Amino acid sequence: MTIYDTLNEMQKEAAFHTEGPLLILAGAGSGKTRTIIHRMAYLIDEKGVNPYNIMAITFTNKAAAEMRERVDALIGYGSESIWVCTFHSTCVRILRRFIDRLGYKTNFTIYDTDDQKSVVKDVIKRMNLDPKMYKERTVLSVISSAKDELIGPDEMMIRAAGNYAERKIAEIYKEYQEQLKKNNAVDFDDLICLTVELFRENKDILEYYQDRFRYIMVDEYQDTNTAQFKLVSLLASRYENLCVVGDDDQSIYKFRGANISNILDFEDTYPNARVIKLEQNYRSMQNILNAANAVIQHNLGRKNKKLWSDKGDGEKVKFSIYDNGIEEAEGVVEDIKKKVLTEGYSYKDCAVLYRTNAQSRALEERFVAANIPYRVYGGVNFYQRKEIKDILAYLKTIDNGQDDLAVKRIINVPKRGIGATTLSKVDTYAMERELNFFDALDMVEDVPGIGKASAKIQAFVDFIAVLRSKAETMRISELIREVIESSGYDKMLEEDAADEDEIAERISNLEEFVSKAVTYEEGTDEPTLSGFLEEVALVADIDNMDETVNRVSLMTLHSAKGLEFPAVYITGMEDGLFPSYMTISSGNPDDIEEERRLCYVGITRAMKELNLTCARQRMIRGETQYNQVSRFVKEIPPLLLEKREQGFMAGSRSTVKPSFLDRQSEGGFGRRTPVTSYSSVKSIGNPKNATLEYGVGDRVRHIKFGTGTVLAIVEGGRDYEVSVDFEKFGVKKMFASFAKLVKCEE
DNA sequence: GTGCCTGCTCACGGG
DNA sequence: GAGCAGGCAC
């Protein structure tokens, strides 16, 4: 038996096709990560490729972490030299080494959206433009789209031609870039564009990385934008060993510049490309897949694929109509409660998905009322919260005083009696002399027109200097505590907060921040303040998903991509909400298609049970709306649906008659089959496990993870999936045939 | 320089 | 419905 026997025929073909361009069209739940990882193993074990020459790029840190873990488990020794990173962190690593060639310093900071807004606002003000005509948000989205397409300020100016407003935006763009450079900062889009620019202008660097990354794999390829495509194709242009994995039906990031033609035109770009489709789904019951297929079939520009599963039909898709959003939330919560009490589900098996973050509030209230544990993912990013950003600004100022925004953010927080008038004088002084804001503060004695305030400024500069010297010896977590206390930030929180709850909330956020610093210190070989700040800049909320805690997950449909849950609830299935009003009224059919793909993503998250809900009336932005049932629900054939109407407006309760699909389900998971049996954990008592020399409860050793205890052995095809609780690395799942676990004799 | 009030704007998604 | 910027009073 080899490790590849666990793959199906198509997966094998993909894994064994190692040379030249390869497009893997992988439907939802078709085992694409498995395929990629086995492909890496094949490259190393059978083709003798040095792991150092293999690169895998993902979009999210979570996907990268998952891949890293599974690669380590499968390949073991040597796997650590495979480059597994997100696009953004890949670029950061490259730029930290070589960005000086583009005139930045290698210790640049990364600006988030708020920082970008401040810069743009400042630029608009200084250019004496009407802020009502040029809104930061709009300007920024134009700049961001330009960067996604690798269009610089000069090119934008040429394209604008005679259009006055566009020319002005190009000017703002140019000035914005100069400001960033002056602050030694880059934004998220710059990370990609600057790396492309670096490669284009420095052949030696490009060749170095081309030679290093001889085998490149890109996950979620349908989400790449033009700049990311360029980056990948530059890297791959020497060896052309480019394997991209994606699903055009799951492209949901057009708003972020994702260019679906990257995947649709892959074969045109690389005429010698091999295309392999993975259509067998290992996640969901057939009824769920039929619903997903039915919906997505309404899209035109797509590559034809049809998911199928051998798991049996399972239950019908439940569709419930409620009178309003509150009752919808109540209904979902009640349903989850019932499932957990009577059907053997755990809270963590359930996910509630919605189109907009604003919808989470009503749900949260009901979960709290029902005393059911839950966690909301996404929404306001942890690191965007005011108190966290304030402390981060202190840390950035301590780390290097070049980030003007950070300095300006905290110079008067807590209040030090340094006001806007004083600051603008310092600002003018700094600009005239091309100084950093902080350096100008340091020379406050020379700044004209500053009277009493100069002593206050000097005190602030001295305070930072003290923190800097402390930072040299203190751990980061200690430094954070020191900043909070010695700056008086803790006192300020208590005085300014509206009520006790707010104080508790903010304090607990700061506590969590400290513990994140501790986690960083413990998980990093050489923790540095700069390293910590960089890590913080690149995390998203969903990256911190903790599957071990038993609670219901609430998140947007976008955040749910890549995840799976036994029971999924998609709420707010109403025209005007999902698909959103903007996409219905835009008149562009592509927009509706993107919404439909989002719906497809949502449906295919469900393993065993899918629930769709909607409300007849709903409060949106303080205004009651009456929406039709979502067109996506209507696209699901009625015989796949079990419709339930709730509330006093409900008509007679209607259940669609059993169909041929129902009859097929006999022997599979019929509706009457209890759900308790879905985790098919088998202990060592199973005779099929006789080939393994260890069993549940035994102590085993792994080449990379050291020793641990076997928790469970699950049968999966011709192999066994073994869960082991390692002393140093926690619980890991791995396949027995390639984990090469050895029983410890004690 | 600070604090409060009002009125405006944004309500789609995220690294 | 909520958060924020800007204006105004102190």
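Lettering follows sequence order; numbering is per chain, from 1. Computed from a predicted structure; not experimentally measured.
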Rounded distance (Å) that lies between atom [atom2] of [N] and atom [atom1] of [X]:
X: A/Arg596; N: B/dG13; atom1: CZ; atom2: C1'; result: 18 Å
X: A/Arg618; N: C/dG1; atom1: CZ; atom2: C1'; result: 15 Å
X: A/Ile192; N: B/dG15; atom1: CD1; atom2: C1'; result: 9 Å
X: A/Phe255; N: B/dG14; atom1: CZ; atom2: C1'; result: 5 Å
X: A/Gln116; N: B/dG14; atom1: CD; atom2: C1'; result: 12 Å
X: A/Lys117; N: C/dG3; atom1: NZ; atom2: P; result: 14 Å
X: A/Glu535; N: B/dG15; atom1: CD; atom2: C1'; result: 15 Å
X: A/Glu594; N: B/dG14; atom1: CD; atom2: P; result: 13 Å

- [ ] Identify whether any heavy atom of A/Thr421 sits under 4.0 Å from a base atom; if not, whether one sits that close to sugar-phosphate; answer base, sugar-phosphate or nothing.
- [x] sugar-phosphate
- [ ] With heavy atoms under 4.0 Å as the rule, sort A/Tyr581 into base, sugar-phosphate or nothing.
- [x] nothing
Task: OH on A/Tyr322 to SG on A/Cys614, rounded to 0.5 Å - done: 9.5 Å
Task: Centroid distance under 5.5 Å and plane angle under 30°, A/Phe59 vs B/dG15 - done: no
For [N], does either OP1 or OP2 sit under 4.0 Å from a side-chain N or O belonging to [X]?
X: A/Thr86; N: B/dG15; value: no
X: A/Asn357; N: B/dC12; value: no
X: A/Thr422; N: B/dG1; value: yes
X: A/Thr556; N: B/dG14; value: yes

Open item on the list: Classify the ring geometry of A/Phe438 against A/Phe460: parallel below 30°, tilted from 30° to 60°, perpendicular beyond 60°.
Closed with: perpendicular
Task: Geometric class of the A/Tyr209/A/Phe98 ring pair [parallel <30°, tilted 30-60°, perpendicular >60°] - done: perpendicular
Does this structure show an ion pair linking [X] with [Y], if we count only N-O contacts that are shorter than 4.0 Å?
X: A/Glu330; Y: A/Arg366; result: yes
X: A/Arg256; Y: A/Asp148; result: no
X: A/Asp249; Y: A/Arg597; result: no
X: A/Glu593; Y: A/Arg302; result: no

Task: Within residues 412-420 of chain A: residues closer than 4.0 Å to DNA chain B (heavy atoms) - done: A/Asn412, A/Lys415, A/Gly417, A/Gly419, A/Ala420
Open item on the list: Can you identify which nucleotide, out of B/dG14, B/dG15, C/dG6, has its nearest atom closest to the A/Lys121 side chain?
Closed with: C/dG6
Open item on the list: So if I take every side-chain heavy atom of A/Phe188 and compare against B/dG15, B/dG14, B/dC12, which nucleotide ends up nearest?
Closed with: B/dG15
Task: Criterion side-chain hydrogen bond (donor to acceptor under 3.5 Å, both in side chains) on A/Glu149 and A/Thr226, from CA distance to verdict - done: CA-CA 5 Å; A/Glu149 296 294 324; A/Thr226 303; 3.0 Å; yes
Open item on the list: For B/dG15, does the base pair up with any side-chain atom of A/Asp189 as donor and acceptor (N or O, under 3.5 Å, distance only)?
Closed with: yes
TODO: Is it possible for you to check whether A/Lys408 lies under 6.0 Å from the centre of the six-membered ring of A/Phe437, through NZ or CZ, and within 45° of that ring's axis?
DONE: yes
Table of protein N/O atoms under 3.5 Å from nucleotides 7-11 of chain B N/O atoms:
residue	atom	partner	partner atom	Å
B/dA11	OP1	A/Arg137	NE	2.9
B/dA11	OP1	A/Arg137	NH1	2.2
B/dA11	OP1	A/Arg137	NH2	2.1

Open item on the list: Let me spell it out: for each of A/Tyr253 and A/Leu423, pick the nucleotide of DNA chain B with the closest heavy atom. Which residue's pick is nearer the 5' end?
Closed with: A/Leu423
Open item on the list: Under 3.5 Å, is there a donor on one side chain and an acceptor on the other for A/Asp248 and A/Gln222?
Closed with: no
